[in-house]
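Chain identifiers are assigned alphabetically (A, B, ...) following the order of the sequence lines, protein sequences preceding nucleic acid strands; residue numbering begins at 1 within each chain.
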Protein chains: 2
Amino acid sequence: MARDPEGRRLRILEAACALIAETGVGALTHRAVAARAGVPVGATTYYFATLDELATSAIAHAAELAAGEARLWQEAIAAAEDVPATVAALIADYLADHRPWSLIEHELYVAAAHRPELRPMAIAWSDGTTAALSPRVGPAAARAVTVFLDGVMLDALVRDAPVDADFLARAVAALMGLD
Amino acid sequence: MARDPEGRRLRILEAACALIAETGVGALTHRAVAARAGVPVGATTYYFATLDELATSAIAHAAELAAGEARLWQEAIAAAEDVPATVAALIADYLADHRPWSLIEHELYVAAAHRPELRPMAIAWSDGTTAALSPRVGPAAARAVTVFLDGVMLDALVRDAPVDADFLARAVAALMGLD
DNA sequence: TATCATCTGGGACGTTCGTACTAGTACAGA
DNA sequence: TCTGTACTAGTACGAACGTCCCAGATGATA
């Protein structure tokens with residue numbers, strides 16, 4: 001096989017992310033990841049010494065991508081005329097285009113509840129959203145909106161339904177008055 | 001051993017609930033539940049044919065207890081003078097006294113995202129909160145507050161910190177204006 | 001008291017898992 | 001060109017798992 005260590009590592013991470021989104025972090029196995037990435041089992045243990053490290057690295061990989069997205073949000077919100085409507089649109093798009101990220105985010109949240117070593121990563125993910133909002137809506141409101149949006153995403157995952165953008169915009173607008 | 005089939009079944013369910021809260025539904029095993037409940041492995045498979053059935057039954061058991069709690073909430077909110085403050089107090093108490101329920105609730109939400117057969121239970125759990133709120137705040141606001149509170153609980157689990165009751169009351173008050 | 005379905009306690013089987021290991025291959029630097 | 005490190009591919013092994021099974025104990029019913 002053609003040599004491409006970095007690419008291989010990345011393929012393994014992406015396979016792991018896809019599996020976490022599909023079946024949950026608890027169902028992750030070396031073999032499933034290897035099969036998904038199209039590499040032998042030995043490859044996943046070569047690049048990630050333990051299953052735990054593989055899972056954590058995969059979540060960190062997703063968190064990095066999401067952090068990039070959060071920076072785009074910050075720009076969009078900073079430039080927005082109608083902040084609530086913009087936020088609502090961003091969330092709707094996020095859930096439509098990046099459902100796996102959202103799934104991994106909540107897998108991370110729940111896993112962090114009983115695995116303290118994951119908490120910094122979970123808190124950082126959450127804080128990314130707050131940071132995107134803060135410049136326009138004040139710190140307390142930004143926190144409230146962040147928490148609300150996490151609830152919205154969780155609700156959307158459970159109900160597997162698109163969010164109501166108007167409802168969302170009105171709720172965000174209401175929370176923005178907090179500061 | 002003294003005969004008490006119903007008690008035994010309940011002990012197994014409670015052990016399973018405790019384990020789900022502690023380590024997540026993905027880490028549940030017949031053997032761990034049996035050890036926790038103080039019964040042989042055969043007992044858990046006797047009362048619950050498959051591990052899946054055991055996990056689902058345990059979540060359903062927790063959901064039932066939570067539904068009872070939701071009815072108490074409804075009464076408390078119906079009788080409240082200051083609804084936002086009451087809701088904030090209820091949530092704070094809930095997180096302090098019933099952290100396991102809250103953990104199981106979110107385990108359920110995330111599991112429901114990739115296991116459609118769990119969705120009715122997850123939706124019912126969420127709707128319980130909405131129903132407790134609806135009589136006092138309109139339907140849209142009740143939904144918004146429910147979603148917000150789920151976000152708050154998730155955030156509290158991740159940060160392992162008590163919620164700020166004042167912040168919470170103000171956010172709830174803001175969302176109550178939605179209808 | 002005799003009977004029988006229900007429940008108990010524990011062990012057995014086959015599968016899947018994490019991880020370690022080995023032999024071979026490719027490529028960068030001497 | 002030679003050499004050693006980094007990587008590949010596949011196998012092996014012990015542990016833990018879900019589930020099945022059965023011999024014995026129990027208690028309601030006849």
Side-chain angles (χ1 to χ4, degrees), chain A residues 1-61 104 107-108 110-111 114-115 117-118, chain B residues 1-61 104 107-108 111 114-118:
Chain A
M1 186 131 194
R3 281 273 173 115
D4 180 13
E6 271 185 59
R8 213 167 213 240
R9 206 186 123 95
L10 195 63
R11 284 236 312 286
I12 292 172
L13 281 179
E14 280 166 357
C17 283
L19 284 172
I20 290 173
E22 281 170 26
T23 58
V25 70
L28 204 70
T29 69
H30 273 133
R31 286 169 173 82
V33 174
R36 178 76 165 231
V39 301
V41 207
T44 68
T45 67
Y46 177 79
Y47 285 98
F48 306 94
T50 67
L51 183 61
D52 226 65
E53 188 189 323
L54 173 53
T56 306
S57 302
I59 294 173
H61 175 67
I104 295 172
E107 285 282 342
L108 168 60
V110 169
H114 34 247
R115 286 174 54 187
E117 74 272 18
L118 294 177
Chain B
M1 186 128 195
R3 280 275 174 112
D4 180 13
E6 269 184 60
R8 210 166 216 239
R9 204 186 125 94
L10 194 64
R11 285 235 313 285
I12 291 171
L13 280 179
E14 279 167 357
C17 283
L19 284 172
I20 290 173
E22 280 171 28
T23 60
V25 69
L28 203 71
T29 69
H30 273 134
R31 284 168 174 83
V33 174
R36 179 76 164 230
V39 300
V41 209
T44 68
T45 66
Y46 177 79
Y47 284 98
F48 306 94
T50 68
L51 183 61
D52 227 66
E53 187 188 325
L54 173 53
T56 306
S57 302
I59 294 173
H61 175 66
I104 295 173
E107 284 282 342
L108 167 60
H114 34 246
R115 285 173 55 186
E117 74 271 19
L118 294 177

Next on the checklist: For a quick test of reading the model: is some side-chain N or O of A:Tyr46 closer than 4.0 Å to OP1 or OP2 of D:dA9?
Outcome noted: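 No, no such contact exists.
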
If I take atom [atom1] in residue [X] and atom [atom2] in nucleotide [N], what distance separates them, rounded to the nearest angstrom?
X       : N      : atom1 : atom2 : result
B:Leu54 : D:dC17 : CG    : P     : 14 Å
A:Arg31 : D:dA16 : CZ    : C1'   : 13 Å
B:Leu19 : D:dC17 : CG    : P     : 12 Å
B:Asp4  : C:dC7  : CG    : P     : 11 Å
B:His30 : D:dC20 : NE2   : C1'   : 11 Å
B:Ile12 : C:dC7  : CD1   : C1'   : 11 Å
A:Arg9  : D:dT8  : CZ    : P     : 12 Å
B:Leu51 : D:dT19 : CG    : C1'   : 10 Å

Next on the checklist: Just checking A:Glu117: does its CD atom have more than 12 heavy atoms from other residues, nucleotides or ligands closer to it than 6.0 angstrom?
Outcome noted: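 Yes, CD of A:Glu117 has more than 12 neighbouring heavy atoms, counting only those of other groups under 6.0 Å.
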
Would you compute the distance between atom [atom1] of [X] and atom [atom2] of [Y] and round it to the nearest 0.5 angstrom?
X       : Y       : atom1 : atom2 : value
B:Glu14 : B:Ile12 : CD    : CD1   : 11.0 Å
A:Arg31 : A:Thr45 : CZ    : OG1   : 10.0 Å
B:Leu51 : B:Thr44 : CG    : OG1   : 8.0 Å

Checklist entry - Base, sugar-phosphate, or nothing for A:Thr45, non-hydrogen atoms under 4.0 angstrom? => result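 Base contact - A:Thr45 has a heavy atom under 4.0 Å of at least one base atom.
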
Checklist entry - Taking the nucleotide of DNA chain D with the closest heavy atom to each, which residue, B:Ala32 or A:Tyr47, is nearer the 5' end? => result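 Comparing both residues, the 5'-ward one is A:Tyr47.
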
Checklist entry - Of the nucleotides D:dT19, D:dC17, D:dC7, which has the atom closest to the A:Arg3 side chain? => result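 Of D:dT19, D:dC17, D:dC7, D:dC7 is nearest to the side chain of A:Arg3.
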
Checklist entry - Is the base of D:dT8 touched by the side chain of A:Arg8 through a donor-acceptor pair closer than 3.5 angstrom? => result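 When only heavy-atom distances are counted, A:Arg8 does not reach the base of D:dT8 through any donor-acceptor pair under 3.5 Å.
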
